[in-house]
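The block underneath contains the structure these notes are about, expressed in structure tokens.
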Amino acid sequence: MGMNKTFTQKVQDIVRKIPRGKTMTYKQVATKAGSPHAARAVGTIMSHNFDPSIPCHRVIGSDGKMHGYNRGGVGAKRTKLLEEGVKL
DNA sequence: TAGTTGACCGGAA
DNA sequence: ATTCCGGCCAACT
């Protein structure tokens, strides 16, 4: 009865659970999804996400910087995080 | 099926 | 502090 989830599905589930006011790096998400070396792939998946229930704006680079946001650009992403009380 | 691209990352220059 | 490079993986052509 293995609920075989694809890497993409796992990533989406993980990001969906990131609480307001908190962030995760692409690397952390990849590791939690079972592929520690797939940070880049996580970025690819996030870039394709347009589902509002998946807070992809809470996923940032491991250097603490932001790379992109398909819904308003990095400017909007930064604003959203500040609004949630995230320290940048 | 094979080759290219990109919202990554860590180390090196 | 910034730029560059190789490696990794999913999506796309």
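All figures in this text were calculated on a predicted structure; none of them were measured in a lab. Residue numbers begin at 1 in each chain, while the letters A, B, ... track the order of the sequences.
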Exercise: identify the closest heavy-atom pair between A/Lys5 and A/Lys10: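 Here A/Lys5 and A/Lys10 meet closest at O-CE, 3.6 Å.
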Closest non-hydrogen atom pair, A/His67 against A/Val74: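 Minimum heavy-atom contact is O-CG1, 3.5 Å.
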In terms of side-chain heavy atoms of [X], which of [options] is nearest?
| X | options | result |
| --- | --- | --- |
| A/Lys77 | C/dC8, B/dA7, C/dC12 | B/dA7 |
| A/His37 | C/dC12, C/dC8, B/dG6 | C/dC8 |
| A/His48 | B/dC8, C/dC9, C/dC12 | C/dC12 |

Starting from [atom2] on [N], measure out to [atom1] on [X] and report it in whole angstrom.
| X | N | atom1 | atom2 | result |
| --- | --- | --- | --- | --- |
| A/Phe7 | C/dA10 | CZ | P | 6 Å |
| A/Arg40 | C/dG6 | CZ | P | 13 Å |
| A/Leu81 | B/dA7 | CG | C1' | 13 Å |
| A/Lys5 | C/dA10 | NZ | C1' | 18 Å |
| A/Lys80 | B/dA7 | NZ | C1' | 16 Å |
| A/Ile45 | C/dC8 | CD1 | P | 18 Å |
| A/His67 | B/dC9 | NE2 | C1' | 9 Å |
| A/Met24 | B/dC9 | CE | P | 12 Å |

Polar pair under 3.5 Å, donor/acceptor by atom type, side chain A/Tyr26, base B/dA7: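 Counting by modelled atom types and ignoring angles, a donor-acceptor contact under 3.5 Å is found here.
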A/Ser47 (side chain) and B/dG6 (base): donor-acceptor pair under 3.5 Å: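 Answer no: no donor N or O sits under 3.5 Å from an acceptor.
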Sugar-phosphate, base or nothing in reach of A/Ser35, heavy atoms under 4.0 Å: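 Here A/Ser35 touches no strand at all.
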Touch class at under 4.0 angstrom, heavy-atom based, for A/Ala39 against every strand present: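 Answer is sugar-phosphate: A/Ala39 comes under 4.0 Å of backbone atoms only.
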A/Asn49 and A/Arg71, any side-chain heavy atoms less than 4.5 Å apart: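 They are not in side-chain contact.
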Within-4.5 Å side-chain heavy-atom neighbours: A/Val15 and A/Ile45: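 Answer no - side chains too far apart.
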Exam field: side chain A/Lys65 to backbone A/Ile60, donor-acceptor pair closer than 3.5 Å: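 Between the backbone of A/Ile60 and the side chain of A/Lys65 there is no qualifying donor-acceptor contact (under 3.5 Å).
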Pairing residues for A/Arg16 by the salt bridge (charged side-chain N to carboxylate O under 4.0 Å, His left out) criterion, not counting sequence neighbours: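 Scan of A/Arg16 (salt bridge (charged side-chain N to carboxylate O under 4.0 Å, His left out), adjacent residues dropped) gives A/Asp13.
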So which protein nitrogen or oxygen atoms get under 3.5 Å of nucleotides 1-4 of chain C's nitrogens or oxygens?
none

About how many Å separate [atom2] of [Y] and [atom1] of [X], when rounded to the nearest 0.5 Å?
| X | Y | atom1 | atom2 | value |
| --- | --- | --- | --- | --- |
| A/Tyr69 | A/Lys80 | OH | NZ | 4.5 Å |
| A/His48 | A/Cys56 | NE2 | SG | 12.5 Å |
| A/Met46 | A/Asn70 | CE | CG | 9.5 Å |

B/dC8 phosphate, OP1 or OP2, under 4.0 Å from A/Thr25 side-chain N/O: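 Answer no for this pair, as no side-chain N or O of A/Thr25 is under 4.0 Å from OP1 or OP2.
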For nucleotides 10-13 of chain B, tabulate all protein N/O to nucleotide N/O atom pairs closer than 3.5 Å, reporting atom names and distance.
{"from": "B/dG10", "atom 1": "OP2", "to": "A/Ser62", "atom 2": "OG", "distance (Å)": "2.9"}

A/Val86 reachable from A/Met66 in the ILVMFWY side-chain graph, under 4.5 Å edges: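 They do share one cluster, since a chain of ILVMFWY contacts under 4.5 Å joins A/Met66 to A/Val86.
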